[in-house]
Amino acid sequence: MTCLLSPLDILREIGERFKEYRLRYGLTQKKLSDLTCVSVTTISKLENGNLYDISFSTLFKLLHMVNLDENWEQLVPLLPESPYMYKRQKKVQRIRSKNKS
């Protein structure tokens with residue numbers, strides 16, 4: 001059985017990873033703030049694990065700046081089609097033709 005992380009633990013992990021990406025892209029918190037219109041305080045709190053709530057649109061703006069928005073489909077992947085979604089059609093009874101021999 002795996003240990004499930006709390007939403008706060010997940011947000012802290014995202015913040016730590018995000019900081020590494022931001023630094024690798026050579027962006028300061030101020031520059032990132034100017035580009036995304038997200039406050040430096042919010043960015044700092046996210047990266048330091050002190051942010052307890054963030055809107056999806058704000059997080060998506062930040063992820064976009066470090067090219068992590070391309071993987072959004074992995075968050076909630078499409079479900080494959082289920083065979084149970086199709087209505088079961090009643091089979092048409094075949095009638096044999098009468099051979100006149």
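- Applying the ring pair (Phe, Tyr, Trp, His ring centres under 6.0 Å) test to pairs two or more places apart or on separate chains, those with a residue in residues 38-74 are F56-F60.
- Across all their heavy atoms, Q29 and R22 have their closest contact at N-NH1, 3.5 Å.
- Electrostatic pairing of D9 and R12 counts as a salt bridge here, judged by a charged N lying under 4.0 Å from a carboxylate O.
- Residues passing the salt bridge (Lys or Arg N to Asp or Glu O under 4.0 Å) test with E13 are R17, sequence neighbours excluded.
- No more than 12 heavy atoms of other residues, nucleotides or ligands lie within 6.0 Å of NZ in K45, so this atom counts as exposed by the packing criterion.
- The hydrophobic cluster containing L59, built from Ile/Leu/Val/Met/Phe/Trp/Tyr side-chain heavy atoms closer than 4.5 Å, also comprises L5, I10, L11, I14, F18, Y21, Y25, L27, L32, L35, V38, I43, L46, L51, I54, L62, L63, M65, V66, L68.
- Side-chain N/O atoms of T41 and S44 include no donor and acceptor closer than 3.5 Å.
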